[in-house]
Structure formats: C-alpha cells, structure tokens
S.K.: 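Below: one structure in structure tokens.
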Protein chains: 4
Amino acid sequence: MGKKKGPKYNQIIDAAVKVIASHGYHQAQVSKIAKEAGVADGTIYLYFENKEDILTSLFKEKMGHFVEIIRERIASETSVEDKLLILVKMHFEQLQADKHLAIVTQLELRQSNKDLRLKINTIFKNYLILLEELLTEGKEAGYFIADLDNRLARQMIFGTLDEVVTNWVMKDCKYDLIASAEPVHNLLLRAFRA
Amino acid sequence: MGKKKGPKYNQIIDAAVKVIASHGYHQAQVSKIAKEAGVADGTIYLYFENKEDILTSLFKEKMGHFVEIIRERIASETSVEDKLLILVKMHFEQLQADKHLAIVTQLELRQSNKDLRLKINTIFKNYLILLEELLTEGKEAGYFIADLDNRLARQMIFGTLDEVVTNWVMKDCKYDLIASAEPVHNLLLRAFRA
Amino acid sequence: MGKKKGPKYNQIIDAAVKVIASHGYHQAQVSKIAKEAGVADGTIYLYFENKEDILTSLFKEKMGHFVEIIRERIASETSVEDKLLILVKMHFEQLQADKHLAIVTQLELRQSNKDLRLKINTIFKNYLILLEELLTEGKEAGYFIADLDNRLARQMIFGTLDEVVTNWVMKDCKYDLIASAEPVHNLLLRAFRA
Amino acid sequence: MGKKKGPKYNQIIDAAVKVIASHGYHQAQVSKIAKEAGVADGTIYLYFENKEDILTSLFKEKMGHFVEIIRERIASETSVEDKLLILVKMHFEQLQADKHLAIVTQLELRQSNKDLRLKINTIFKNYLILLEELLTEGKEAGYFIADLDNRLARQMIFGTLDEVVTNWVMKDCKYDLIASAEPVHNLLLRAFRA
DNA sequence: CATGAATGAGCATTCATTCAT
DNA sequence: AATGAATGAATGCTCATTCAT
C-alpha cells in the first residue's frame, strides 16, 4: 500500500483539492474524491495509506516545493531586504495562483485533527528554517537589529503573512492579494531594520 | 431549551473545556462532557440547544469578556504605546492563566466546522475594532506613521500574537508566554512608530 | 398514583385530545399535554399511571358511554330496522359532533402500539355485543335471514361504519357525515333482510 | 443509495416482515432487521434510503401486485358476481398464504406515522379503482341496483374485508379465513343485487 | 492493477418518568 | 397536592477501510 507514483496518484490529489474546496473538509468523503478522480474507492488505497495520507500528501505535493521555489529565486538576490520582498511576493503569488488550493490550505485543512496538523507543520519547518536563515543573514549584514529574537521575528513574519492570506480567502479572494506584498514587506522591514 | 443560568451551566462549560483539552475536539462526546460535569446526558440539553451551542457558549463565556477587560484596563493609560503593551500583556496573560482554555481556543476549536468558526469570528470582531481604534489613535497622536494601513497593521498584530500563542501551546505551554510580551511589543512598535 | 377524579383529570384528557388532534400522535409528548392542560408534567402522574393510561382513559371517557347512549336510545324503538338506523345515525352523529375526537380515534390513536389497541378493542366489546343482540333480535323476529352469521354480519356493520367514518376524517371532515347514515342503513338492511 | 436489485434487497424485506411480525413495529430496529437478514447494518443503506423506505418498499413489493393479480384473474370471468367472489377469495387467500405478512399489514404497519400511511394508501388507490369499476360494471349489466352509491359500496366492501381479516389476525390466524369468502360474498351480493 | 459491495463501530438527542422540595 | 429539574436508556445512519473477484 502507499505505492506513490503513477498518474492516478496526482489525479487523486487534484480531485481531493477540488472536492475539499467546493464541498468543505467535512463533506470530502473518500468516495467523493474517488468519483471526482474517476477511480474506484478501493483504488485510493493502492496509492495512499488512508484518508489522512491523502491530505498530508496533498499538502506535501502542493506546498512542498513552495519553499524550494522561494529559496532558489532568492539565491540570486544579494540584499536581504530584496530577499524578504521576494519571499512575501512569492508567498502571496503562489496562493493567489490557485485559489482552490488557498481555500484548502488556509481554511479547510485546519479543520483536520491535531495529528494531521502536526504533520503539516513538519512541512512548514523548512519554511521556518529559511526565515531564520534570512533573519540571521540580515543581522550579520547589519541590516537587522543585532538582538532581534529569531523565533519571535519568524513568528511575526509567518503570523502576519498567514493572517493576511486567511483574511483574503475569507473575503472570497476577491481583491488582489499580491498588491499587499509591498506594504507588508515595508512594515516587516520597519520592525527588523537596524 | 437553552435556559442559561444555574450553576450547571458553568459546570458544563468548564467540563467541556477540560474534556476537549485532554481528549481533543473529536473525542469530546456529549456523554463525556456530561460525565465530567457530573450531570446526566439529558441535562446538557436543559442548558444548551445542542452540542455546537456548548462550544459557541464556551467561547462566548470565556473569550467574550476578553476584549472588554482589555479595553477597560487600557482606558486609564494615556500613551498609545503603553496601551499596546497592556493589550499584548493581557492577551498573553489571559491565555497563560488557563492553559486548558488556551489549548481549546488555539488548537481544538479550530477543528470545528465552518459555521462554528464563523460564530467565533463574530466574537473576534470586537477585538479587531479595538485594534483599529488603537491604530487610529496612534496615527492621530503622531506616534504611528501617518499612512499606516489599518487593516494590514491589524493583521500584523493579530497574526503575530496568535502565532506566538499557538507556538507556545504546541510546545506544551512549557515556557513563560508573558515574557514574550515586551519583545513582541517592541517589534510591533518599531513597525508602526513614526 | 392513578387516583382518578378531581377537575384536573378531565382537563388533562381534554388537553390530550386537543394536542393529539392538532400535533398528531407522535408529537403529543407528555410535557405538551401538561402545558396545554395548565399543569406541571409531574401532576399528570398524580392522575394517570403513565402515558398509555392517559390514552386509554381518554378512550374510555370519550367513547365509553358511546354504546350506552345508543343502547338507551334504541330501547324505545320496536322495529329492529329502526334500531339499526338509530345506531348508524348516532355512531355518525357522535363523531361528527367532536371532530377533534374523530381525528384522534380514527387516525391518531391507531398509531399506538398493539397493547393500547387491544385495550381499546376491549372497550369496543360492548359495541360488538350490542350489534350481535340486534342481529339475533332481527333473526328471531324474522326480519333478518335465519342463517345470518352473527360474527360476519357484525364485522360487516362495524367495518363499514368505521371505513365510512375514516374516509370522512381523511377528507378533513368537510362533508356531512350524517347524510350517509340512511344510505348505509339501506345497504346493510338489504344484506341482512330476509 | 437505494439501488434496488440484488438478492439482498429481498432478503432485507423478508427479514423486516419476520422481525416486525414477531417483535412488533416499535421493536423492529434496523440492526435487528440487518441481523435477521444476515447482513451488516450499513448494508441496509445500500439498498434502502432509510428505515421508512424499507417499510414502504416492503408494502409495495408484497402488496403492489395484489391488485394486479386479482385484476388479471378476474378478467377471464364474465359475470360480475363471480368477479366479486374471486376478488374476495383472493384477498383472503393472499393474506392467509403469508400470515407474517398479514400481521404486519393488518396490525403493525398501521402504527407507522402519517407519512408512511399516506404512501400505503397510495398503493391502495388501485384497489379502490378496481372496486369501483366492478360496481359500475354490475350496475350497467343490471345486476346491481341502479342507484348504488359507488363510494359507499366500495367502503362497505373494503371495510368488511378489512375488518374480517383484522379479526382473524387478532385471533392469531387460527381459523380458516378463506372459508369466510363465500359467506362474505353472499352478504355483499345481497346488499348490491338489483 | 482495479474494482465496489460489504462492513460495523460510533454518537447526538429525545422524552417518559421520578422525586426532592 | 403540585411542581419541574433532572434523569439516562435507546437508536438510525455515516463513511473509512477491506478483500474477493
């Protein structure tokens, strides 16, 4: 069981996103996802351990590269300030690019049980590491205040971005999220700048 | 049905907090709450419409005054900066004072369905209003930058505080949350200060 | 318990008829009957053994004299044919006179469990005895065919009257039931007349 | 849901008849029916929408053809009198042939709520239509009195047959019901014959 | 690989009845 | 006598998961 790969693996994940986004987490039964994916209920279990595994995998597949993409794009920048701007922009861009996914990750998946949420947090660890690297780099370069508490600053960045996105999703994604990137970036810089 | 009042009303709510905190949202059956409260299952329904009503009431009773208390305490301060410090401190204090409640509000209740979460958000509206008042006051007094975007700043404050508390809860509340109040306050002030 | 008499006894029975007629058998909770009667739930149990006892008593009180009244009125007639006409007329009259009661006895009370219905049948026994007496009298007087099977004839009379009344109730009692008395009487006589 | 077909569909209906007949309507829990049918509780819901659907289907399956069978058998007769005799005989025969079913339809199913009973009545409508056709035919052929009221006559036939069967069921089906067909037929004919 | 029929544990809620006041 | 708050047993239905085909 749980043999990943094969085209059905992605079919099922995409079906899950679609079903959860349109019916909500609690109405996303395995049979509904199977139907949407065009496979039999049992087939799901050839690709995933159990229902929770679909959701965790969904998160990994869709958000796993999230950090890598940002990290790569940032590498070519020299200034920490620009790096942070890129990060904020890309965070917003990636979620605005797939509104179904935004609904799923910001609202629906948070209704999952604690275990699932813990696994999701694991995936975020790389994001947190990236944030701390950025903060350290900023401090070492003398751009950020020397005694900035990395954990706190990281929580401020992530908390702010997450709250901004969640508010946007709750307003039905009907305004331009990316337009908020620069103002948010400015506010964060003001907080951290030496 | 749903005649609030009577000591049992509070007994049941306290039992719900305890049961949810120790068993988790999805393992908090009505019968378990009743047993913990020392009443019969049916008695629950003399005080609450249904299970969701227990949770909404729990939130209203425990968090409803949250904002009022902060607002009153803040009224006696003159400086906006001090007001914000009080707010951050009290936010942390109230949650650290009842760790069970912190677990319930930061982790467990967020697993509830969309309807319940919408009701919970309604209760938060007053908090957001208070935050915006504070921001406006700060701008008018010339303490905060004149073109500060209220919505963004409010999202930064709430997002940061919420993320800080959630991280603390996920680390089993084992360090002093209140100690973070001043550093958080400093960071926020840096971001907003003219 | 079950001490009959006292004005509340009748209050409760009348309330039961009203509640059952307007809300239906399955929505006639004891608490609803108590409220309608203007007494506390517990008071019901000072006058009745249990819920079933309310219904049986209701039937006894309202239908118990049914047969006696008919029997008395019939006594003064000499012809069996006229006696049967009186019986049919009075059967229809008594039910048309209290439509609430007609709904309760023809439709709602038949949803009760088998035990209750058996008790109700006991009350009807006197009616069946009266019918058989009439049939025997008719046969002895030579009006009715000599080899008329009393049981069958009794079932025909009761089955027909009951079906006619039930159809009338199901049509919302909106036509004149008593007008059917003579035609029904004629048909029955044709069947039995020597 | 509710995909009729498959042997289990009939297994479940037969189990329902058996369970209701032996335990009574109010003690016929879904789990009891499932156990009797030799399937899991959940399997019931692959074949029926809900519990009420089991009972309605039971009635349709077992009584739905009742009228058709009588109608077909009657078609080959020429005399109205013989047709009526066939009808009475077959009515009794079909119920005597399955005593469990007789108990269920004459006693238990009448305890069901109004909705279910309305659905049951719909099924009976064809029976009433058949009766009226027979009466009209008899009048046109000059066998029955010209001014016979169809509705009344129909109520007399149905009321009588139903009462005869119900009495038989309440006497535990311990005498021969079919033996009553001819006497009942004679009585009815006497009532209607010109 | 794929199917989908079958499984069966799990739970919120109602309401007749009691009994301390 | 009268109250009404408290009781707690009882049950239809869902849905993640399995396994024979």
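Side chains included, hydrogens not; waters and symmetry mates left out as well; all remaining heavy atoms used. Here is how names work: the chains are called A, B, and so on, in the same order as the sequence lines, proteins then strands, and each is numbered from 1.
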S.K.: Round to the nearest Å and state the distance from B:Tyr45 atom OH to E:dA12 atom P.
M.R.: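 For the pair B:Tyr45 OH and E:dA12 P, the rounded distance is 7 Å.
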
S.K.: Within a strict 4.5 Å, meaning less than it, do heavy atoms of the D:Leu55 and D:Val104 side chains meet?
M.R.: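 The answer is no, as the side chains (C-beta and beyond) never meet within the 4.5 Å cut-off.
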
S.K.: Would you indicate what D:Val30 reaches in the nucleic acid, counting non-hydrogen atoms under 4.0 angstrom: base, sugar-phosphate, or nothing?
M.R.: sugar-phosphate

S.K.: So which nucleotide from E:dA12, F:dT11, F:dT17 ends up closest to the side chain of D:Gln29?
M.R.: F:dT11

S.K.: Does any part of the side chain of D:Tyr47, heavy atoms only, come nearer than 4.5 Å to the side chain of D:Ser57, both counted from C-beta?
M.R.: no

S.K.: Under 4.0 Å between a side-chain N or O of C:Lys51 and OP1 or OP2 of E:dT17?
M.R.: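 Answer is no, no contact under 4.0 Å.
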
S.K.: Specify the residue among B:Thr43 and D:Thr43 whose closest nucleotide of DNA chain E lies further upstream toward the 5′ end.
M.R.: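 Its nearest nucleotide being more 5', the pick is D:Thr43.
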
S.K.: State the pairing partner of F:dG12; accept Watson-Crick or G-U wobble contacts with both distances under 3.5 Å, and report none otherwise.
M.R.: E:dC11

S.K.: Between D:His26 (NE2) and E:dC15 (P), how many Å, whole number?
M.R.: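 Result: 14 Å.
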
S.K.: Within the structure provided, determine whether D:Ile20 and D:Ile103 are in side-chain contact (heavy-atom separation under 4.5 Å).
M.R.: no

S.K.: Does the plane of the ring in D:Phe124 sit parallel, tilted or perpendicular to the ring in D:Phe59? Use 30° and 60° as the thresholds.
M.R.: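 Perpendicular, since the angle between the ring planes exceeds 60°.
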
S.K.: To the nearest angstrom, how far is B:Glu49 atom CD from E:dA12 atom P?
M.R.: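 About 17 Å, once rounded to whole Å.
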
S.K.: In whole angstroms, how far is the P atom of E:dA16 from the OH atom of C:Tyr47?
M.R.: 20 Å

S.K.: In whole angstrom, give the distance that lies between atom NZ of B:Lys32 and atom C1' of E:dA12.
M.R.: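 From B:Lys32 NZ to E:dA12 C1': 14 Å.
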
S.K.: With both distances under 3.5 angstrom, what nucleotide forms a Watson-Crick or G-U wobble pair with F:dT21?
M.R.: E:dA2

S.K.: Is a donor on one side and an acceptor on the other found under 3.5 Å between the side chain of B:Arg110 and the backbone of B:Thr105?
M.R.: yes

S.K.: Calculate the interatomic distance between A:Gln11 atom CD and E:dC1 atom P; express it in whole Å.
M.R.: 13 Å

S.K.: By nearest atom, which of the nucleotides E:dC1, F:dA16, E:dT13 is closest to the B:Asp41 side chain?
M.R.: E:dT13

S.K.: The side chain of D:Leu46 is closest to which nucleotide in this list: E:dT14, F:dT3, E:dA5?
M.R.: E:dA5

S.K.: Could you state the CZ-P distance from C:Phe48 to E:dT18, rounded to the nearest angstrom?
M.R.: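 So the CZ-P distance, C:Phe48 to E:dT18, works out to 15 Å.
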
S.K.: How many whole angstroms separate atom NZ of A:Lys8 from atom P of E:dC1?
M.R.: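 It is 9 Å, rounded to the nearest whole Å.
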
S.K.: Of the nucleotides E:dT7, F:dA6, F:dG4, which has the atom closest to the C:Ala40 side chain?
M.R.: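 Looking only at side-chain atoms, C:Ala40 lies closest to F:dG4.
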
S.K.: Let me know, please, whether B:Gly42 or A:Ser31 comes out on the 5' side of the other along DNA chain F by nearest nucleotide.
M.R.: B:Gly42

